[in-house]
Amino acid sequence: MLIDWFTIGAQTLNFLILVWLMKHFLYKPILHAIDEREKRISAELADADAKKAEAQKERDTFQLKNEEFDKQRTALLRKATDEAQAERHRLLEEARKAADTLSSKRQETLRNEIQNLHQIVSRWTQQEVFAIARKALKELATTSLEERLGEVFTRRLREMDGRTKEDLAKAIKTTSEPALVRSAFDLPAEQRTLIKNALNETFSAEIHVQFETSPDLISGIELTTNGQKIAWSISDYLASLEKGVEELLKEKYQPDIKEH
Amino acid sequence: MRLSPDQIIFWQSGFFKLNATIVFTWGLMLVLALGAKLITRKLSTDLKRSRWQNLLEIVVTRILQQIEEVGLGDPRKYLGFLGTLFLFVSAASLCTVIPGYEPPTGSLSTTAALALCVFVAVPFFGIQEQGVSKYLKSYMEPTFIMLPFNIISEISRTLALAVRLFGNMMSGAMIIGILLTITPFIFPIIMTALGLLTGMVQAYIFSILASVYIAAATRIRKPKPETEANE
C-alpha cells in the first residue's frame with residue numbers, strides 16, 4: 001500500500017507546522033526587513049528630494065538676489081555716472097563762468113588802464129601844449145604887446161554889449177573899493193591913463209582904479225570889481241581851450257566805458 | 001522493492017508509527033526553521049546586509065513576484081502557504097545529494113497530504129475572498145449541469161498534484177537505485193544532478209499549480225482593476 005493514512009495525517013500536520021514556522025521565522029522578518037529598508041530608502045529619497053528642492057529654492061533665491069544686486073549695481077553705476085557727468089558740466093560751467101568773469105575783469109582793467117593811459121597822455125599832452133604855448137607867449141609878451149593888449153582891452157570896454165555894461169556899472173557903483181586892473185606886466189603910465197579914461201568914458205563916472213601885476217595872466221588885462229570881471233588875456237583863452245579839450249576827452253571816453 | 005520511505009518504519013505502536021517519511025520531514029523542518037531563525041536573527045534594515053540575508057530576500061521576493069504574476073492580488077496573504085509548499089518540496093529534493101537520505105516527497109502519503117492541503121486551501125481562500133454562497137455558486141457556472149464536472153475536476157486535479165510529484169520524486173530515486181546496480185560509477189551522479197533539476201521543476205510546478213487553483217477560486221467574477229477602470 002502506497003498510501004498510509006496515518007502518515008498523510010502526520011505529514012499534513014507537519015506541513016501546517018512548517019507553514020507556521022516559516023511564517024514566523026522566515027517571511028515575517030524578511031518582509032519586515034525589506035519593508036524597513038524600502039521605507040528608509042524612500043525616506044532618504046524624499047529627504048534628498050526635499051534637499052534638492054531646498055537647494056533649488058536657495059539657488060533661485062540666490063540667483064534672484066544676484067540679479068537684483070546686478071540691477072542695483074547698474075542703477076548705482078548709472079546714477080554715479082550721471083552725477084559725475086552733471087558735476088563735470090557744473091564744474092565746467094563754473095570754470096567757464098569764472099574764466100569769463102576773469103576775462104571780462106581783465107578786459108575792463110585793460111580798458112581802464114588804456115583809458116587811464118589815454119587820459120594821462122591826453123592830460124600830459126594838453127599840459128605840454130599849454131605849457132609850450134604859455135612859454136612861447138610869455139617869451140613873446142613884451143611891453144609893446146602889453147600896450148597892444150591895452151588897446152584891445154580899451155576897445156573891448158568901449159564895445160561892450162549893453163547887459164555886461166549894465167552889470168559892471170552896477171557893480172562899480174555899489175562898491176567903494178577901487179576897481180582892480182590886473183596885467184602880466186607893469187603897464188606904462190600912458191596905458192594906465194588910457195584905460196582909466198576908457199573906463200570913465202564907458203561908465204560916465206570917476207572910477208578909482210588900482211593897477212596890479214600878475215604874471216599868471218601870461219599876457220592880457222583883467223578888470224575885477226565887486227565880483228564882476230571883464231578880461232582879455234591869453235591865459236583866459238588857454239583856460240577855455242583846456243576846458244574844451246577836457247570836455248572833448250570826457251565825451252570820447254565816456255561812451256567807451258558804457259559800451260563794456 | 002521499496003517504493004516509498006513509508007516502508008522504513010523505525011517504531012510502531014498500533015496505528016501510530018514513526019517511518020522514514022516523518023523522520024526526514026522533521027529533519028527538513030528542523031533545518032528550514034533553524035536556518036531561517038539563524039539567518040533572520042540579526043537582519044539588517046540598512047543598505048548593507050549579509051549574503052545569507054540577501055539569499056533569503058531574493059528567494060522570498062521571487063516567490064512573491066511569482067504569486068503576483070499568477071494573478072493573486074495580495075501575494076503576502078498567500079506567501080505563507082504557497083511559499084512553504086515550494087520551499088518544502090525543493091528542500092526535500094535538494095537534500096537528495098545527501099547519502100542515505102530519502103526524500104519525503106517520494107512518498108505518496110506526503111504528496112497526498114500536500115495535495116490535500118491544497119484541496120482544502122483552495123475553497124478556504126475562495127470563501128475568504130468571495131463569501132460562501134458566491135464560492136459555492138462558482139461550481140455551478142456557467143450552468144448547474146457543470147456542478148459534477150466541476151467537483152470531479154477539483155478532485156482529479158488534487159489527485160494529479162499528488163501523483164505527479166510522487167511519481168517524479170519516486171522515479172528519480174528509483175532510477176538512481178537501478179543505475180547504481182547497473183553502472184555504479186558516473187551515471188548515478190549525472191542522474192542525481194538531473195534529479196535535482198527535476199525536483200526543482202516539480203517544486204515550481206506544484207506551487208505554481210496551487211497558486212493557479214487558488215487564483216482561479218478567488219478571482220471568479222472578480223474583474224481586474226484595469227478592466228474596472230476601463231469600464
Side-chain angles (χ1 to χ4, degrees), chain A residues 1-70, chain B residues 3-7 9 12 14-19 21-22 25-26 28-30 32-41 43-47 49 53 56-57 59-61 63-64 76 79-81 83-85 87-88 104-105 107-117 120 162 166 170:
Chain A
M1 184 64 182
L2 284 174
I3 289 182
D4 179 57
W5 290 105
F6 171 74
T7 315
I8 289 175
Q11 287 297 73
T12 309
L13 193 69
N14 281 342
F15 178 72
L16 291 177
I17 289 166
L18 186 64
V19 168
W20 182 83
L21 282 173
M22 288 286 99
K23 249 186 187 172
H24 196 262
F25 290 122
L26 183 65
Y27 308 130
K28 243 188 212 166
I30 289 286
L31 288 176
H32 178 73
I34 290 171
D35 285 350
E36 282 294 305
R37 186 179 308 118
E38 275 176 359
K39 218 184 279 172
R40 196 179 169 138
I41 287 168
S42 63
E44 266 169 28
L45 281 177
D47 190 42
D49 277 351
K51 269 184 189 158
K52 206 173 158 188
E54 202 178 324
Q56 180 73 28
K57 205 172 133 193
E58 251 167 47
R59 202 184 74 109
D60 285 352
T61 315
F62 179 71
Q63 208 167 1
L64 208 74
K65 269 186 189 166
N66 230 2
E67 272 170 19
E68 213 167 285
F69 176 70
D70 272 356
Chain B
L3 281 175
S4 161
D6 284 8
Q7 286 154 341
I9 294 166
Q12 188 161 18
F15 183 65
F16 300 97
K17 57 186 135 192
L18 196 65
N19 54 32
T21 311
I22 295 170
T25 303
W26 285 352
L28 279 176
M29 280 164 72
L30 199 70
L32 284 172
L34 270 182
K37 173 90 185 144
L38 277 175
I39 293 168
T40 59
R41 197 176 44 185
L43 285 177
S44 98
T45 55
D46 209 345
L47 290 173
R49 51 201 182 266
Q53 186 187 342
L56 284 193
E57 279 186 11
V59 168
V60 170
T61 48
I63 294 169
L64 276 175
R76 290 197 179 194
L79 178 68
F81 180 69
T84 311
L85 265 183
L87 285 180
F88 177 66
T105 44
S107 139
L108 191 60
S109 308
T110 309
T111 57
L114 294 180
L116 269 176
C117 285
V120 173
F166 164 69
M170 184 269 287

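Source: prediction; values computed, not measured. In the text below, chain A, chain B and the rest are named by the order of the sequence lines, each starting its count at 1.
- Looking at every heavy atom in both residues, B:Ser44 comes nearest to A:Ala33 through O-CB, 4.2 Å.
- For a residue to count as touching a neighbouring chain, one of its non-hydrogen atoms must lie under 4.5 Å from one of that chain's; by this rule B:Arg41 does not touch chain A.
- Only the side chain of B:Thr61 comes within less than 4.5 Å of a heavy atom in chain A; its backbone stays farther off.
- Taking CG from B:Leu108 and CD1 from A:Ile8, the interatomic distance works out to 7.0 Å, rounded to the nearest 0.5 Å.
- Both the backbone and the side chain of B:Leu85 come within less than 4.5 Å of a heavy atom in chain A.
- There is no contact between B:Leu34 and chain A, counting heavy-atom distances below 4.5 Å.
- Taking 4.5 Å as the limit, some side-chain heavy atom of A:Phe6 sits within range of a side-chain heavy atom of B:Ile22.
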Given side-chain contact (heavy atoms from CB on, under 4.5 Å), test A:Tyr27 with B:Leu87 step by step and report yes or no. CA-CA 12 Å; A:Tyr27 308 130; B:Leu87 285 180; 3.4 Å; yes

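- Only the side chain of B:Phe166 comes within contact range of chain A, judged by heavy atoms closer than 4.5 Å.
- Taking CZ of A:Arg37 as the start and CD of B:Gln53 as the end, the distance is 5.5 Å to the nearest 0.5 Å.
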Evaluate the criterion side-chain contact (heavy atoms from CB on, under 4.5 Å) for residue pair A:Ile30 and B:Val59; output intermediate values, then yes/no. CA-CA 10 Å; A:Ile30 289 286; B:Val59 168; over 6 Å; no

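- The contact between A:Ala10 and chain B is made entirely by side chain atoms (from C-beta outward), counting heavy-atom distances below 4.5 Å.
- Between chain B and the options A:Leu13, A:Thr12, A:Ile41, the largest number of non-hydrogen pairs under 4.5 Å is found for A:Thr12.
- In terms of heavy-atom pairs under 4.5 angstrom with chain B, the leader among A:Arg40, A:Lys23, A:Lys28 is A:Arg40.
- Between atom CZ of residue B:Phe15 and atom CG of residue A:Asp4 there is a gap of 7.0 Å, rounded to the nearest 0.5 Å.
- The part of B:Leu43 that comes within reach of chain A is its side chain, from C-beta onward, which places non-hydrogen atoms under 4.5 angstrom from that chain.
- For the pair B:Thr40 (side chain) and A:Leu26 (backbone), a donor-acceptor distance under 3.5 Å is absent.
- Note that the CG atom of A:Leu16 and the OG1 atom of B:Thr84 stand 10.0 Å from one another [nearest 0.5 Å].
- Here the rule is side-chain hydrogen bond (donor to acceptor under 3.5 Å, both in side chains) with A:Gln11, and of B:Asp6, B:Thr110, B:Thr21 only B:Thr110 fits it.
- There is no contact between B:Leu18 and chain A, counting heavy-atom distances below 4.5 Å.
- At a 4.5 Å heavy-atom cutoff, the contact between A:Leu21 and chain B is made by side-chain atoms alone.
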